[in-house]
Amino acid sequence: QVQLVESGGGLVQAGGSLRLSCAASGRTFSNYAMGWFRQAPGKERNIVAAISRSGGAIYYADSAKGRFTISRDNAKKTVYLQMNSLKPEDTAVYYCAASTGLTVITTDDYDYWGQGTQVTVSS
């Protein structure tokens, strides 16, 4: 089992940047592919970005391409999401998640979840 704790959310103006962190504890972090999801009020939780166990393969949702960067540091058991050029439509609760599987796109692919961190982008 792995425990995940997100941090780094907050209020930022449109065009600004935030860096989210997700610290893991428990079993070997490098055994898990990691993902960032977000959920706006009244909407489904959707993938933002995912990264493979080694960091060699990365997936971005179309909404994140060119603006967000996912990375991981297996020695620190941490995954990051650097978010630049933020827009009001990026406002959501952001969750990190860990997957033991081979697919990493949907919520069903993930086994463990953090509690989420709020990101609010003002116009």
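For the numbers below, each heavy atom of this structure counts, side chains included, while hydrogens, waters and symmetry mates do not. Being a predicted model, the structure only gives us computed values, none of them experimental.
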> As an exercise, state the distance from CE of Met83 to CD1 of Ile70, rounded to the nearest 0.5 Å.
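Those atoms lie 11.5 Å apart.
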
> So which atom in Ala98 and which in Val2 form the shortest heavy-atom distance, rounded to 0.1 Å?
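Closest approach of Ala98 to Val2: CB-CG1, 4.0 Å.
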
> Is there a path of hydrophobic side-chain contacts, each under 4.5 Å between heavy atoms of I, L, V, M, F, W or Y residues, that connects Val48 with Met34?
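They do share one cluster, since a chain of ILVMFWY contacts under 4.5 Å joins Val48 to Met34.
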
> Could you measure the distance from the OG atom of Ser21 to the NZ atom of Lys76? Nearest 0.5 Å is fine.
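Those atoms lie 9.5 Å apart.
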
> I'd like to know whether Gln115 forms a side chain to side chain contact (heavy atoms under 4.5 Å, CB included) with Val5, so could you lay out the CA-CA distance, the side-chain angles of the two residues, the decisive distance to 0.1 Å, and finally the verdict.
CA-CA 7 Å; Gln115 83 288 349; Val5 179; 4.3 Å; yes

> Indicate yes or no for a side-chain donor-acceptor contact from Arg53 to the backbone of Ser30 under 3.5 Å, with no hydrogens or angles considered.
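Checking the backbone N and O of Ser30 against the side chain of Arg53, no donor-acceptor pair under 3.5 Å is found.
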
> Rounded to the nearest 0.5 Å, what separation is found between the CG atom of Asn46 and the CZ atom of Phe37?
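If we round to the nearest 0.5 Å, Asn46:CG and Phe37:CZ are 8.5 Å apart.
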
> Measuring from Thr120:OG1 to Leu18:CG, what's the distance to the nearest 0.5 Å?
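Rounded to the nearest 0.5 Å, the OG1-CG separation comes to 9.5 Å.
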
> Check salt bridge (Lys or Arg N to Asp or Glu O under 4.0 Å) between Lys43 and all other residues, then give those that pass, not counting sequence neighbours.
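In terms of salt bridge (Lys or Arg N to Asp or Glu O under 4.0 Å), with neighbours along the sequence ignored, Lys43 is linked to no residue.
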
> Rounded to the nearest 0.5 Å, how far does CZ of Arg38 lie from CZ of Arg45?
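Arg45 CZ to Arg38 CZ: 13.5 Å, rounded to 0.5 Å.
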
> Side chains of Asp109 and Ser99: any donor to acceptor distance under 3.5 Å?
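Distance-only check fails for Ser99 and Asp109.
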
> Within this structure, what is the CG-OG1 distance for the pair Leu81 and Thr117, rounded to the nearest 0.5 Å?
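OG1 of Thr117 is found 11.0 Å from CG of Leu81.
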
> Could you check whether Ser25 and Gln3, counting side-chain N and O atoms only, form a donor-acceptor pair closer than 3.5 Å?
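The answer is yes; a qualifying pair exists.
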
> At their closest point, which heavy atom of Ala40 faces which heavy atom of Thr91, and how far apart are they?
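For Ala40 and Thr91, the tightest heavy-atom pair comes out as CB-O, 3.8 Å.
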
> For Trp36 and Phe68, I'd like to know if the aromatic rings sit close, meaning centre-to-centre distance below 6.0 Å.
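Centroid distance Trp36-Phe68: not below 6.0 Å, so no.
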
> Are Tyr110 and Phe29 connected, step by step, through hydrophobic side chains (Ile, Leu, Val, Met, Phe, Trp, Tyr) whose heavy atoms are closer than 4.5 Å?
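Looking at the clustering, Phe29 is in a separate group from Tyr110.
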
> Quick one: closest heavy-atom pair of Pro88 and Ala14, and the distance?
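Closest approach of Pro88 to Ala14, heavy atoms only: CD-CB, 4.1 Å.
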
> Does Asn84 have any side-chain hydrogen bond (donor to acceptor under 3.5 Å, both in side chains) partners at least two apart in sequence or in another chain, and if so, which?
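By the side-chain hydrogen bond (donor to acceptor under 3.5 Å, both in side chains) rule, Asn84 matches Ser17, Gln82.
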
> Grouping I, L, V, M, F, W and Y whenever their side-chain heavy atoms are under 4.5 Å apart, do Tyr80 and Tyr95 come out in a common cluster?
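Cluster IDs for Tyr80 and Tyr95 differ.
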
> Are the charged groups of Asp90 and Lys87 less than 4.0 angstrom apart, N to O?
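Result for this pair is no, no salt bridge flagged.
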
> Are Thr106 and Ile47 packed together at the side-chain level, in the sense that at least one heavy-atom pair is separated by less than 4.5 angstrom?
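No, side chains not in contact.
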
> Is a donor from one side chain sitting under 3.5 angstrom from an acceptor on the other, for Thr100 and Asp111?
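Yes, a side-chain donor-acceptor pair sits under 3.5 Å.
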
> Any idea which heavy atoms bring Ala24 and Leu4 closest together, and the distance?
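Residues Ala24 and Leu4, closest heavy atoms: CB-CD2, 3.7 Å.
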
> Check whether any side-chain N or O of Glu6 sits under 3.5 Å from a backbone N or O of Gly116 as a donor-acceptor pair, and report yes or no.
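Looks like yes, one N/O pair under 3.5 Å.
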
> Please check if Tyr60 and Tyr94 belong to a single hydrophobic cluster, counting links between Ile, Leu, Val, Met, Phe, Trp and Tyr side chain heavy atoms closer than 4.5 Å.
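Yes, because Tyr60 and Tyr94 connect within a single hydrophobic cluster, where side-chain heavy atoms sit under 4.5 Å apart.
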
> Can you get from Leu20 to Tyr112 by hopping between Ile, Leu, Val, Met, Phe, Trp and Tyr side chains that sit under 4.5 Å apart?
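Yes, same cluster.
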
